[in-house]
Amino acid sequence: MNKFFINKPDGIKQNVINGSLVVLTLILLLFSGSEKAAAKQYTQPFQNNTTSLSGKAVQSNMYFVKMGYWNVKQATLNLNFQVSQLNDRQISDITVTVNDVTFYSFRPTATKGIQSKQIQIPTKLIKSQNNLQVEGQLLNQNAKTIQTPANWLTVNDTSNVNFDYNIQKPTKQINDFYGHMTGADTIAENQSVVETPIQATDAELTASLRALTGMTRFVTSEDRELPIKPLGNGKHADFRMVIAKYEHLPRDLQAKLSESRLSDHAVIQVIKSGQQSIMVVTSQSDELLEKAAQFVANEELMRETDRSTKWISAQTDTFTSVLQFQGRQPLLEKDAHVQGAGHHVKTFFVQLPNDHMNAAGSTINLRMRYAKNLDFKRSLVTIKVNGQAIGSQRLSSQQANDDTLRVKLPANLPLNSTFTVQADFDLILPGEGQSKPDQNAWASVLADSYAVIKSKQYQDLLFDNYPSLFMKGQAVHKLALVRPSRLSENDFQTMTNLFGLIGNYAKQNTGEFEVYHDKPSSAELTQSNIVTFGTPATTPLIKQLNHYLYFKYNSDFSGFKSNEKLSLEDQYAKRIGTAQLLRSPFNQHHGLLVVTGAHDDAVTRASTQLNRQVKLEQYRKADAIVVDDNNQHYSYRFKKQKLLKDQALSIGFQQHGHFWLYMGLSLLAVVFFGFVVTSILWRNGLLKRKGNWHER
């Protein structure tokens, strides 16, 4: 062997070189493979509904976001639209702008129906929050300079932005972990989860659900959720948040925590467990565990915490900063301009708290400047809300440099949490007609334009108003959750469904919220709105409430009984789940939601109808929902008076206020004249006086 090595040095060297090349090749393949695996795609739909715009010059605004941990390689706008069949495709055009930078224009094709256009958005223009504008110059074939109803552009709600990107590897910093965990793509790929022990205490569930509601406000996709699961069931996820008392944590997590401080502190800590990072929220104290959960539910604090460990004491401030809805909402961030004679459309978005509605006295205040060379007898501006015209005003030569249009909103005009305000300008130049648009005609909507929305909360005990009924000041309001005494995996899915939607509405972490595994005390039931779920066997309160339910259980609580709304076959009645919204029998001023069925899988099926606003829209004017094991669902209205007791009384007084006012004034008048007549008779001795008097 020694002779072989001495006589063949070149062969040995070659073998070494070949071996090195193989190793290097494998390393490169592994590296390129990991890079390829790290490349991701995410399609983000716009929040807009399908919108039709009419006018020679129209504009639609859409919004999209980019996660801070994305390295975007390419962004593609998938624009699905339709234009009038009468538009001249040779001279009509559509222009796309992102964050006020115009980068693409094209002409629609002669295709009938919906058209699709894929447009690359320059990545250097993309910020965290992005405004995308689609503007159209739509000209009719036979009347190019005249505005007609046939000049229209419809932007379909299937339009979206598709991202190709790589993810920045998360660090152990709390804010970085939190940003990844609440990212739209992370949630869409089911890589985020909140975990707590399967037989969690009431305090652990209260903390876990409070943290969950604070994070589910980031869930915007209608088919995605941020789930709560039993401890250990989320090991598949890249981003796990474990919330539990210290003694209930797995030993490997306990070993990485400072137990000595947990008696008078809670901790939020990002811990490495193998290849996975886990955010642990724990304490030995129930009160401090919930306080740490309030910290987690505070987006501002979580994004500001740039360390791996945050200790929470009884003195730590955790409440969300007060961003009360004051009613005044700006329409735009900077001046918006229209150029050229003819009809122009500018669209703005206004956002309301989810639990409010438009009330009498709301106004749109449009501040404007415009050219002085217009025909002021024919030039005007019209305000529309959600496409409905609510007011118009002629433009004026005297006010051209500083004009304001103030329009009241009809009190019964329905407004969603996001609605559109549209300013339609008709800029007409002197003369009967123009052969071409004159660019000297112009108008600007000024940045100090605003909407004043005087709002009030709904008080309807119907699913139209769920979960607003349990909210106040954008926070959960005096809510008691009564849950099964022993939890199953189906029960965790039920809680995910119920609190996913509640979290979409809760913008504050200050609400009063408690979980109970047994029947709460009479005082707690009297003071609280109540949500209870489970079977009669697992949640005793539901058995006690059976008399009040619209769909009542049979004598052995094995299924529901038929009623005036629905006939139920005895076996079918064992398989259905129900969600019933009632006036609380413990306090007529509070609401009660009961989600129940004979088996926990039926309870979960019923809860699936309460996890997204789009599903609740199917149940307008309903207070009971039935879901069977084939996922067929039905809704019913039982109660005649939909308002809470105190509100019903006040509404009744308002409706008959004039009658009661006149009755009160009439009664006062009768009393007054009776007093006057009695006084006159007394003074003139015409009334027989009783008591001590002497006859003379």
Side-chain angles (χ1 to χ4, degrees), residues 354-355 357 414 456-472 476-482 494 497-499 501-502 505 525 528-534 536 539 541-553 559-568 573 576-597 602-628 631-652:
N354 291 340
D355 56 348
M357 69 175 185
K456 61 183 179 182
Q457 284 187 284
Y458 290 94
Q459 294 295 333
D460 294 358
L461 270 167
L462 300 174
F463 282 114
D464 304 49
N465 193 32
Y466 175 81
S468 296
L469 176 66
F470 303 130
M471 313 290 293
K472 185 177 182 180
V476 177
H477 179 56
K478 294 182 179 178
L479 182 62
L481 174 69
V482 184
T494 298
N497 292 334
L498 294 176
F499 283 85
L501 185 61
I502 289 174
Y505 279 66
L525 289 171
S528 303
N529 294 299
I530 303 166
V531 174
T532 184
F533 72 93
T539 310
L541 179 63
I542 292 177
K543 185 179 289 188
Q544 297 173 32
L545 289 169
N546 190 47
H547 172 71
Y548 300 99
L549 299 181
Y550 302 135
F551 286 92
K552 296 177 174 60
Y553 282 98
F560 293 98
K561 296 192 296 186
S562 299
N563 58 29
E564 71 274 20
K565 301 287 186 180
L566 181 64
S567 297
L568 292 169
I576 63 173
T578 67
Q580 306 179 49
L581 193 56
L582 308 102
R583 189 170 285 105
S584 173
F586 310 106
N587 186 332
Q588 295 291 297
H589 304 307
H590 289 154
L592 166 66
L593 172 66
V594 181
V595 184
T596 188
V603 179
T604 301
R605 280 197 299 274
S607 72
T608 61
Q609 303 307 303
L610 306 179
N611 65 350
R612 294 288 182 273
Q613 190 62 47
V614 69
K615 292 183 180 179
L616 284 171
E617 288 172 1
Q618 304 172 77
Y619 306 119
R620 300 188 67 81
K621 311 304 179 186
D623 51 19
I625 300 170
V626 173
V627 186
D628 67 18
N631 203 34
Q632 299 294 315
H633 37 86
Y634 314 93
S635 61
Y636 305 93
R637 167 78 176 269
F638 284 87
K639 67 175 68 71
K640 294 181 180 179
Q641 176 53 260
K642 66 179 182 178
L643 297 175
L644 288 172
K645 186 176 179 181
D646 53 345
Q647 292 296 321
L649 290 173
S650 68
I651 293 295

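Everything numeric in this text was worked out from a predicted model, so none of it was measured.
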Open item on the list: Counting C-beta onward and ignoring hydrogens, is there a side-chain heavy-atom pair between Leu541 and Leu545 closer than 4.5 Å?
Closed with: yes

Open item on the list: When you compare the side chain of Ser607 with that of Phe533, does any pair of heavy atoms fall below 4.5 Å?
Closed with: no

Task: From CG (Leu549) to NZ (Lys543), nearest 0.5 Å - done: 13.0 Å

Open item on the list: Any side-chain to backbone donor/acceptor pair from Thr539 onto Pro536? Under 3.5 Å, distance only.
Closed with: no

Open item on the list: Using side-chain heavy atoms (C-beta onward) and a distance below 4.5 Å, is His633 in contact with Gln618?
Closed with: yes

Task: Sequence-distant partners of Phe560, ring-ring contact (aromatic ring centres under 6.0 Å, His included), two or more places apart - done: Tyr553

- [ ] Look only at the side chain of Thr596 and the backbone of Gly534, and say whether a donor-acceptor pair between them is shorter than 3.5 Å.
- [x] yes

- [ ] May I ask you to check whether Thr494 and Thr604 show a side-chain donor-acceptor distance below 3.5 Å?
- [x] yes

Open item on the list: Please check: side-chain N/O of Ser562 versus main-chain N/O of Leu568, any donor-acceptor pairing under 3.5 Å?
Closed with: yes

Open item on the list: Would you compute the distance between atom CD1 of Ile625 and atom CZ of Arg605 and round it to the nearest 0.5 angstrom?
Closed with: 14.5 Å

Open item on the list: Nearest 0.5 Å, please: how far is CG in Leu610 from CG in Leu498?
Closed with: 6.0 Å

- [ ] With rounding to the nearest 0.5 Å, note down the distance linking CG in Asn465 to CZ in Arg620.
- [x] 10.5 Å

Task: Interatomic spacing from CD1 in Ile542 to OH in Tyr548 - rounded to 0.5 Å - done: 15.0 Å

- [ ] Using a 4.5 Å cut-off on heavy atoms from C-beta on, say whether the side chain of Ile502 contacts that of Val476.
- [x] yes

Task: Test ring-ring contact (aromatic ring centres under 6.0 Å, His included) applied to Tyr636 and Tyr550, Tyr619, Phe551, Phe463, the passing residue - done: Phe551

TODO: Give me the one residue out of Asp623, Asp460, Asp464 that meets salt bridge (charged side-chain N to carboxylate O under 4.0 Å, His left out) with Lys642.
DONE: Asp460

- [ ] Answer whether the closest heavy-atom distance between the side chains of Met471 and Tyr466 falls below 4.5 Å.
- [x] no

Task: Heavy-atom side-chain proximity of Asn497 to Val595 below 4.5 angstrom - done: no

Task: Under 3.5 Å: donor-acceptor pair, side chain of Asp628, backbone of Ile576 - done: no

Task: Polar side-chain atom of Lys639 near backbone of Leu581 as donor-acceptor pair, under 3.5 Å - done: yes

Task: pair Leu593-Thr532: side-chain heavy atoms closer than 4.5 Å - done: no

TODO: Using a 4.5 Å cut-off on heavy atoms from C-beta on, say whether the side chain of Ile530 contacts that of Phe586.
DONE: yes

Open item on the list: Using only atom types and a distance under 3.5 Å, with no angle test, would you say the side chain of Lys615 pairs donor to acceptor with the backbone of Thr608?
Closed with: yes

Task: Step-by-step side chain to side chain contact (heavy atoms under 4.5 Å, CB included) determination, Phe638 to Glu564 - done: CA-CA 10 Å; Phe638 284 87; Glu564 71 274 20; 3.6 Å; yes

